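Presented below is the structure to which this report refers.
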Amino acid sequence: MTAGQTWRFAQSSFSGTAYLDDYQEYTVATQSDSFDTKNDSLWTYNPTYQTVPYNDSGTNVVRNVGTGTNSNAAFSRTGYN
């Protein structure tokens, strides 16, 4: 891979097997989110699978819970839907 570029890989798992898709080149857009509140303008959440904010040892994070049998628990940045 070329140095100085940013790469994105998609990872998924199904029935105990992890899959890693081919890479895509993309332009980095700077964004930060402390996950202190649920920000629907930045993220597409499904409240069945994601909990925001979720306190993980003093740090707010997104808690994402899925079955591992499908991609129903996927969530994404709003700009990348």
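Throughout, residue positions are numbered sequentially from 1 according to the sequence presented. Predicted model, so just to flag it, every value in this text is computed and none were measured. Computed from heavy atoms alone, side chains included, the values below leave out hydrogens, waters and symmetry copies.
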Self-check item: Y49, Y45, W43 screened by side chain to side chain contact (heavy atoms under 4.5 Å, CB included) with V62, the one that passes
Solution: Y45
Practice problem: Mind jotting down which residue pairs meet the side-chain hydrogen bond (donor to acceptor under 3.5 Å, both in side chains) criterion with at least one end in residues 55-66? Sequence neighbours excluded, please. | Solution: D36-N60, Q50-N64
Tell me the closest heavy-atom pair linking [X] and [Y], and the distance in Å.
| X | Y | value |
| --- | --- | --- |
| A73 | G66 | CB-CA, 3.7 Å |
| N70 | N72 | OD1-N, 3.0 Å |
| L42 | D33 | CD1-OD2, 3.8 Å |

Quiz item: Any side-chain heavy atom of F75 sitting closer than 4.5 Å to one from T44?
Solution: no
